[in-house]
Protein chains: 2
Amino acid sequence: MRVQIAYKTSVPRNANMAKLQAGYLFPEIARRRSAHLLKYPDAKIISLGIGDTTEPIPDVITNAMAERAHALSTIDGYSGYGAEQGEKKLRAAIAATYYADLGIEDSDIFVSDGAKCDISRLQVLFGSNVTIAVQDPSYPAYVDSSVIMGQTGLYQQDVQKYGNIEYMRCNPENGFFPDLSTVPRTDVIFFCSPNNPTGAAASRDQLTKLVKFAKDNGSIIVYDSAYAMYISDDSPKSIFEIPGAKEVAIETASFSKYAGFTGVRLGWTVVPKVLLFSDGHPVAKDFNRIVCTCFNGASNIAQAGGLACLSPEGLKAMHDVVGFYKENTEIIVDTFTSLGFNVYGAKNAPYVWVHFPGCNSWDVFAEILEKANVVTTPGSGFGPGGEGFVRVSAFGHRDNIIEASRRLKQLYK
Amino acid sequence: MRVQIAYKTSVPRNANMAKLQAGYLFPEIARRRSAHLLKYPDAKIISLGIGDTTEPIPDVITNAMAERAHALSTIDGYSGYGAEQGEKKLRAAIAATYYADLGIEDSDIFVSDGAKCDISRLQVLFGSNVTIAVQDPSYPAYVDSSVIMGQTGLYQQDVQKYGNIEYMRCNPENGFFPDLSTVPRTDVIFFCSPNNPTGAAASRDQLTKLVKFAKDNGSIIVYDSAYAMYISDDSPKSIFEIPGAKEVAIETASFSKYAGFTGVRLGWTVVPKVLLFSDGHPVAKDFNRIVCTCFNGASNIAQAGGLACLSPEGLKAMHDVVGFYKENTEIIVDTFTSLGFNVYGAKNAPYVWVHFPGCNSWDVFAEILEKANVVTTPGSGFGPGGEGFVRVSAFGHRDNIIEASRRLKQLYK
């Protein structure tokens, strides 16, 4: 094969793409993991890095997906293009299960192939002329998709932030809830609760303040509730539990961490009809157009799985899956606590946020990988506010969690 | 429930969204279909409008999907997040099946949830500072996604075109291949062959001209080959059959119309490593970043189906499905020909492009719906060059195609 590398097109590279730093966090971690394996081919690596589910999907759910797959080979059971917004039954089941009495209608629910994909579609919806705020630290897709859409300035190496993004610092000192009195107005506020990576869930009082802040500023909150089912205390599971939130908030959610659907791909986004742009145009109308133009609906087989998730048996099965990972979380918390570390999160989320004061979090990541063969996620990968922390995911087989705990105790004893 | 509609946020509506005209074509047709049913509740509508597959998926394929679904409920068979670019085995099978000897490597293949979704991701990749050209008429997602990304000017009602898009007229006079000598340079050229809606497949000679045109201009071709398996003559099935195409072309494709995957959602996009932006940066590197940031891979169950599609039994089964729809196409062609209409396309595509000279195509659409209860697609929905035509899709059960044919003969006798 002749590879002629002399020819270049005259198409300019998207300047926003050029602003992005290094790789997207998780592929970067995967690369370092591979490099480690190359160095130590026999290393028995335990991955507590990317929050990737490990436990089998309950068979009440997989049976429903297999049944739908088989039905597709029959004349009566076959279906082609579905509604871009999702199957009616599933939209109704999501509204009834998660938003009963919150005034959310079936038609406010847009079924998707996952929260990450919907975050990107929301950014396309907003376009390049909006400003955003994010929790710092936070799930990197908010910032990266904002950069890609041209909402930001260049990356500023000295502060490790992109220009024109408000980084709302969340740390142990403020209980992982930003001091809103110091946050300037932005058009959009990405807010993840329970938070990835810190594991902190905002209380009702805090979310009430957030909604008031958005309302006073005329901002739109994009509320990421992908971990809501992990909440153990009385923190709200949906932003729409807060009165008035429908006028200022969108909520995005996912089956990934409840039913092990990280690979199956199914989520949803709620856009209330009363949420309006400054010209009075309903946000939902434009989002519907984006969904119809840029997406063609989630896989019908995945949607059959989603419907089974919301059956009484499915809900019980998901509850058990979540419970299993929460037990893992306790083991990890106990491990680090017994070693004298301060840990955060964990109570309402499958993530343990471990403090290594004064340390570079990529160094900590590298040390744990090198010496314990355990993959974690360096806190600074989630923003400058994550420096000095490492996120340990509770997604893992029990024996791996116990073995990782043993190795960590050996490393830090 | 109190609906307070007085409150508006201060977030400006994306000005590009405001440029979009009416609804996206196919939801608009669905709306008109519903309105017809409201008027005539007993109407036995036959849908030959949206190109939606109707025949069951061969069970060699659904069995594989059901098997993967069941496996997900076992410890050994469970998998979480897959590679954003798709499963290795599937990428390899696509490269081997469709691009053998064309110099395309497994790692050039990005598996997706469908061509429409990838077109949108490609637009996000290019950003707002590029210019595009489209065939006129063409599949509306190219234009609409371009408008959404801010690449265009306003819609000009008089010419029914958006500003700053080159509409390359394709009509019977030029054999449905644009006169490139009159087409100004653009950064990106969307080219669909076999074309949706005209059904025309470009010949090797024509595609050679297109590649030369792109190369002379330094343009990138986005080649949509979603209907390639419908080609009956010796037209190329991939743009990469043309020497030098790898330096100027991306190809997007789909299992939708081969295996009935319109609802299952699976496609792929090929981005050769030698395709470079003007600054020498590989397009594939940026596309990989888009896929990792804005997408999380196609459903693992759908990917298991894709792998089964490419097994010897699967290929045979897909061939039979395509053959069935091609027989439908002949029935439709014979119907209109016998009525004295000039029809185009059909030979290499599941679409019949019927000429109604001097007629408004929405009027023709409305008459056929009103009097024959048959849904078609008005040609002008695909661009001003589609005016005076109606697209009739060959996706349908055989008895429906025969009944539609009977009704059309009655209507136009």
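Convention: sequence-line order gives letters A, B, ...; per-chain numbering from 1. As the structure is a prediction and not an experimental result, all values here were calculated from the model.
Heavy atoms of A:Ile61 lying under 4.5 Å from chain B are absent altogether. For B:Glu55, the part sitting under 4.5 Å from any heavy atom of chain A is the backbone (N, CA, C, O) and nothing else. Only the side chain of B:Arg185 comes within contact range of chain A, with at least one heavy atom under 4.5 Å from a heavy atom of that chain. Only the backbone of B:Ala214 comes within contact range of chain A, judged by heavy atoms closer than 4.5 Å. With a threshold of 4.5 angstrom between heavy atoms, B:Asp113 approaches chain A through side-chain atoms but not through N, CA, C or O.
Checking side-chain atoms of B:Thr62 against main-chain N and O of A:Ser73 turns up no donor-acceptor pair under 3.5 Å. No side-chain donor-acceptor contact under 3.5 Å links A:Asp279 to the backbone of B:Arg13.
Of the residues considered (B:Lys257, B:Lys285, B:Glu67), B:Lys257 shows the highest number of contacts with chain A, using heavy-atom pairs under 4.5 Å. The candidate from B:Ala66, B:Ala302, B:Ser120 with the greatest count of non-hydrogen atom pairs under 4.5 Å with chain A is B:Ala66. Ranked by non-hydrogen atom pairs under 4.5 Å with chain A, the options B:Thr74, B:Thr262, B:Thr186 are led by B:Thr262. Between chain A and the options B:Val124, B:Ile57, B:Asn288, the largest number of non-hydrogen pairs under 4.5 Å is found for B:Ile57. Each of B:Asn16, B:Asn129, B:Ile119, B:Ile290 has some count of heavy-atom pairs under 4.5 Å with chain A, and the biggest count is that of B:Ile290. Per-residue counts of heavy-atom pairs under 4.5 Å with chain B were compared for A:Asp101, A:Ile220, A:Val283, A:Asp59; the largest is that of A:Ile220. Contact count against chain A (heavy-atom pairs under 4.5 Å) is highest for B:Leu72 among B:Val188, B:Leu72, B:Ile301.
Proximity of A:Ile148 to B:Thr293: side-chain heavy atoms (C-beta onward) are separated by under 4.5 Å at one or more points. Counting only heavy atoms from C-beta outward, the side chains of A:Asn300 and B:Val264 approach each other to under 4.5 Å. Between A:Pro27 and B:Glu84 there is a side-chain heavy-atom pair separated by less than 4.5 Å. Looking at heavy atoms from C-beta onward, A:Asn63 lies in side-chain contact with B:His70 at the 4.5 angstrom threshold. Contact of the A:Ser278 side chain with the B:Val11 side chain is not registered, since no non-hydrogen atoms from C-beta on lie closer than 4.5 Å. In this structure, the side chains of B:Pro12 and A:Asp187 come closer than 4.5 Å at one or more pairs of heavy atoms.
Taking each heavy atom of A:Tyr78 and B:Phe261 in turn, the nearest pair found is OH-N, 4.4 Å. When every heavy atom of A:Asp52 is checked against every heavy atom of B:Gly80, the shortest pair comes out as OD1-CA, 3.3 Å. Residues B:Met65 and A:Ala69 share a closest heavy-atom pair of CB-CB, 4.0 Å. In terms of heavy atoms, B:Gly297 sits closest to A:Arg265 at O-CG, 3.6 Å.
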Should A:Leu276 and B:Tyr7 be marked as a side-chain contact (heavy atoms from CB on, under 4.5 Å) after you check the CA-CA gap, both sets of side-chain angles, and the distance that decides it?
-> CA-CA 8 Å; A:Leu276 307 176; B:Tyr7 182 84; over 6 Å; no
Report the C-alpha separation of A:Thr9 and B:Leu275 in whole Å, then their side-chain angles, then the decisive distance to 0.1 Å, and conclude whether the side-chain contact (heavy atoms from CB on, under 4.5 Å) test is met.
-> CA-CA 8 Å; A:Thr9 68; B:Leu275 178 67; 3.9 Å; yes
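Side-chain contact annotation: B:Tyr81 with A:Thr53, donor-acceptor N/O pair under 3.5 Å absent.
In the displayed structure, A:Asn400 atom CG is contacted under 6.0 Å by more than 12 heavy atoms of other residues, nucleotides or ligands.
Within the structure, every pair that satisfies the ring-ring contact (aromatic ring centres under 6.0 Å, His included) test and touches residues 273-296 of chain A, not counting sequence neighbours, is listed here: A:Phe110-A:Phe287. Applying the salt bridge (charged side-chain N to carboxylate O under 4.0 Å, His left out) test to residues at least two apart or on different chains, none of the pairs has a partner in residues 122-132 of chain A.
From B:Asp118, atom CG reaches atom SG of A:Cys294 across 12.0 Å, with rounding to the nearest 0.5 Å.
Of the charged side-chain nitrogens involved, at least one lies within less than 4.0 Å of a carboxylate oxygen, so that A:Asp144 and B:Arg289 count as a salt-bridged pair.
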